[in-house]
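Quick note on labels: first sequence line is chain A, next is B, and so on, each numbered from 1. Only this structure's heavy atoms are used, side chains among them; waters, hydrogens and symmetry mates stay out. Note that the coordinates shown come from a computational prediction; the quantities given were computed from them, not determined experimentally.
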Amino acid sequence: MATDSWALAVDEQEAAAESLSNLHLKEEKIKPDANGAVVKTNASTEKTDEEEKEDRAAQSLLNKLIRSNLVDNTNQVEVLQRDPNSPLYSVKSFEELRLKPQLLQGVYAMGFNRPSKIQENALPLMLAEPTQNLIAQSQSGTGKTAAFVLAMLSQVEPTNRYPQCLCLSPTYELALQTGKVIEQMGKFYPELKLAYAVRGNKLERGQKISEQIVIGTPGTVLDWCAKLKFIDPKKIKVFVLDEADVMIATQGHQDQSIRIQRMLPRNCQMLLFSATFEDSVWKFAQKVVPDPNIIKLKREEETLDTIKQYYVLCNNRDEKFQALCNLYGAITIAQAMIFCHTRKTASWLAAELSKEGHQVALLSGEMVVEQRAAVIERFREGKEKVLVTTNVCARGIDVEQVSVVINFDLPVDKDGNPDNETYLHRIGRTGRFGKRGLAVNMVDSKHSMNILNRIQEHFNKKIERLDTDDLDEIEKIAN
DNA sequence: AAAAAAT
């Protein structure tokens with residue numbers, strides 16, 4: 001594909017820009033004040049046919065204008081469009097998107113000033129009419145959630161009292177977290193309601209739900225669509241798979257996700273987002289998503305340089321525990337997450353740390369959901385500084401104060417092979433939105449050293465040795 | 001191995 005065929009001629013760009021700024025004079029004037037809140041300076045009135053026509057003309061001019069911001073397809077990301085002859089573009093401000101006023105207001109109220117990199121590239125593709133599908137990859141903590149939430153909110157019609165947007169999350173905790181983002185960004189739609197299709201949310205049988213957006217985990221959503229019929233899947237317009245690779249992987253939630261997908265109407269927009277897509281999952285994603293636009297990271301761009309990675313060499317589990325105790329003072333400066341391979345190890349480790357007088361929280365899938373919600377809530381509030389957990393928290397969980405991730409056990413799959421994707425997601429619980437982070441891997445055998453080396457090779461990223469008996473070294477990483 | 005259902 002020749003780069004220069006994408007470009008609009010300079011005079012065309014100028015013409016589009018001028019027409020657009022003229023249009024803005026006639027539009028409701030919406031702009032954020034100093035606090036990021038949005039002020040309406042003009043009451044809206046019924047639109048005349050003439051104005052409707054102008055709107056349509058403006059949309060087409062807008063399309064032209066935003067196309068003039070060409071996506072940098074050579075650098076960090078590869079953007080492949082469904083229609084290869086169509087130009088690729090990115091947006092540099094939320095205003096350019098001509099969002100509904102309530103939605104723009106929601107975006108600014110969340111404190112977003114301008115789109116992040118993934119939002120720049122993904123938003124034009126997601127908001128294009130008629131709708132198109134998207135498979136998008138972007139590093140952890142770069143604004144994927146806000147991107148797809150915005151896409152859902154731009155399609156929803158709050159006056160229609162039935163589900164129109166459906167979002168799947170791999171875990172209960174992530175569904176709750178993403179739900180909060182939907183509620184925040186959508187809070188200026190007075191009629192908009194969100195339903196949580198998660199474990200423990202029991203509804204009365206035999207009725208349909210009236211909420212316009214549904215966020216949930218695969219099992220419950222499938223139940224609500226198929227068995228219990230709370231949702232009419234045929235009316236869904238936007239279907240989002242968050243952490244999409246694990247949602248469609250055979251060893252993940254493939255069965256349920258695909259069963260749900262098959263119930264949706266043919267013209268339903270599908271949006272798949274994740275920080276990782278292992279090769280075979282990419283192929284499968286492109287098979288199940290019709291004519292997708294694609295945003296893909298180059299391998300060397302997958303890791304975040306802001307996260308420093310170390311390993312600690314031990315001989316057994318007790319030594320790992322001792323090393324962890326040596327680190328405890330350093331990791332509790334802010335907050336930390338400690339990952340274990342099994343629920344059993346996690347509860348053992350939490351108990352042992354407590355015996356040593358360290359206050360820690362424990363979160364795993366064996367707990368009842370009420371307890372899980374309470375634990376994650378306390379951790380978010382900073383009431384607990386250390387969370388001992390399993391892969392249930394590996395993906396998506398966004399707690400800003402987390403500055404350290406410890407892999408007490410390295411992530412391996414069911415065959416004992418290194419789980420590169422889970423590794424990246426786990427360490428991505430820190431270093432969010434450009435902040436610095438620290439990851440410490442506990443190695444307890446030749447076997448686990450080999451796993452770590454293979455992870456290192458996969459990402460071509462050096463993981464340095466850390467001596468936890470050397471207080472100076474701990475001092476060094478803590479700052 | 002963990003997660004995911006009102007199974």
Side-chain angles (χ1 to χ4, degrees), chain A residues 166-179 195-209 214-231 233 240-261 263 274 276 278 281 317 337-350 362-373 375-376 387-397 407-426 429 447-448 451 455:
Chain A
L166 176 60
C167 178
L168 292 191
S169 295
T171 65
Y172 173 78
E173 288 76 14
L174 188 56
L176 296 191
Q177 176 183 295
T178 305
Y196 289 85
V198 294
R199 262 218 312 258
N201 193 359
K202 303 234 157 75
L203 269 58
E204 213 173 296
R205 280 181 183 272
Q207 56 181 42
K208 293 249 184 283
I209 62 167
V214 178
I215 172 86
T217 42
T220 308
V221 169
L222 183 57
D223 253 14
W224 284 23
C225 289
K227 209 174 84 191
L228 302 168
K229 302 204 187 301
F230 293 147
I231 301 172
V240 178
L241 290 178
D242 191 12
E243 306 297 342
D245 58 330
V246 78
M247 300 310 286
I248 60 166
T250 23
Q251 72 279 22
H253 305 287
Q254 185 181 79
D255 278 9
Q256 291 168 326
S257 298
I258 297 302
R259 282 179 64 192
I260 294 164
Q261 187 214 357
M263 303 173 74
S274 185
T276 56
E278 187 247 324
V281 176
R317 194 169 80 167
M337 292 172 80
I338 305 175
F339 287 96
C340 301
H341 189 50
T342 65
R343 299 165 168 194
K344 207 176 139 199
T345 308
S347 69
W348 167 83
L349 181 59
L362 170 67
L363 181 49
S364 86
E366 69 186 351
M367 296 153 63
V368 295
V369 286
E370 293 79 9
Q371 210 177 351
R372 287 169 63 166
V375 169
I376 194 79
L387 183 66
V388 179
T389 187
T390 63
N391 277 344
V392 69
C393 285
R395 285 167 172 265
I397 297 302
N407 285 322
F408 190 79
D409 300 313
L410 297 179
V412 292
D413 64 19
K414 64 175 190 343
D415 305 317
N417 291 316
D419 186 343
N420 299 311
E421 287 70 38
T422 300
Y423 180 83
L424 206 57
H425 284 278
R426 281 184 180 183
R429 294 319 92 216
H447 175 69
S448 64
I451 303 276
I455 291 173

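- For A:R343, a side-chain nitrogen or oxygen approaches OP1 or OP2 of B:dA3 to under 4.0 Å.
- Judged by distance alone with a 3.5 Å cut-off, a donor-acceptor contact links the side chain of A:R205 to the base of B:dA6.
- If you measure from atom CG of A:L222 to atom P of B:dA3, you get 20 Å, rounded to the nearest angstrom.
- Crowding of A:K208 atom NZ: a count of heavy atoms from other residues, nucleotides or ligands under 6.0 Å exceeding 12.
- Atom CD1 in A:I258 sits about 15 Å away from atom C1' in B:dA4, given to the nearest Å.
- Using a 4.0 Å heavy-atom criterion, one finds that A:R372 contacts the sugar-phosphate atoms exclusively.
- One interatomic measurement links the two molecules: CG of A:N201 to P of B:dA4, which rounds to 15 Å at whole-angstrom precision.
- Side chains of A:D245 and A:R395 form a contact here, defined as non-hydrogen atoms less than 4.5 Å apart.
- With a 4.5 Å cut-off on side-chain heavy atoms, A:I260 and A:L166 count as touching.
- Shortest non-hydrogen contact noted between A:R372 and A:G365 is NH1-CA, 3.7 Å.
- As rounded to whole Å, 12 Å separates atom C1' of B:dA2 from atom CZ of A:F339.
- Across every non-hydrogen atom of A:T220 and A:R199, the tightest pair is OG1-N, 3.5 Å.
- In this structure, A:C225 SG and A:I231 CD1 are separated by 4.0 Å, a value rounded to the nearest 0.5 Å.
- Contacts between residues 246-253 of chain A and DNA chain B, defined by a heavy-atom separation below 4.0 Å, involve A:Q251, A:H253, listed by number.
- Within the 4.0 angstrom heavy-atom criterion, base atoms lie near A:L228.
- Dashed line: the shortest gap from a side-chain N or O of A:R259 to OP1 or OP2 of B:dA4 is not under 4.0 Å.
- As rounded to whole Å, 14 Å separates atom P of B:dA3 from atom CG of A:D419.
- Regarding A:I231, its CD1 atom lies at a distance of 14 Å from the C1' atom of B:dA6, rounded to whole Å.
- At whole-Å resolution of the value, CG in A:D223 and C1' in B:dA6 are 6 Å apart.
- B:dT7 atom P lies 15 Å from atom CH2 of A:W224, rounded to whole Å.
- Classification of the A:F230-A:W224 ring pair by plane angle, with boundaries at 30° and 60°, yields perpendicular.
- Within 4.0 Å (heavy atoms only), A:F230 reaches at least one base atom of the nucleic acid.
- In this structure, A:T390 reaches the B:dA3 phosphate: one of its side-chain N or O atoms is under 4.0 Å from OP1 or OP2.
- With distances taken from any side-chain atom of A:K414 to the nucleotides B:dA6, B:dA1, B:dA3, the minimum falls on B:dA1.
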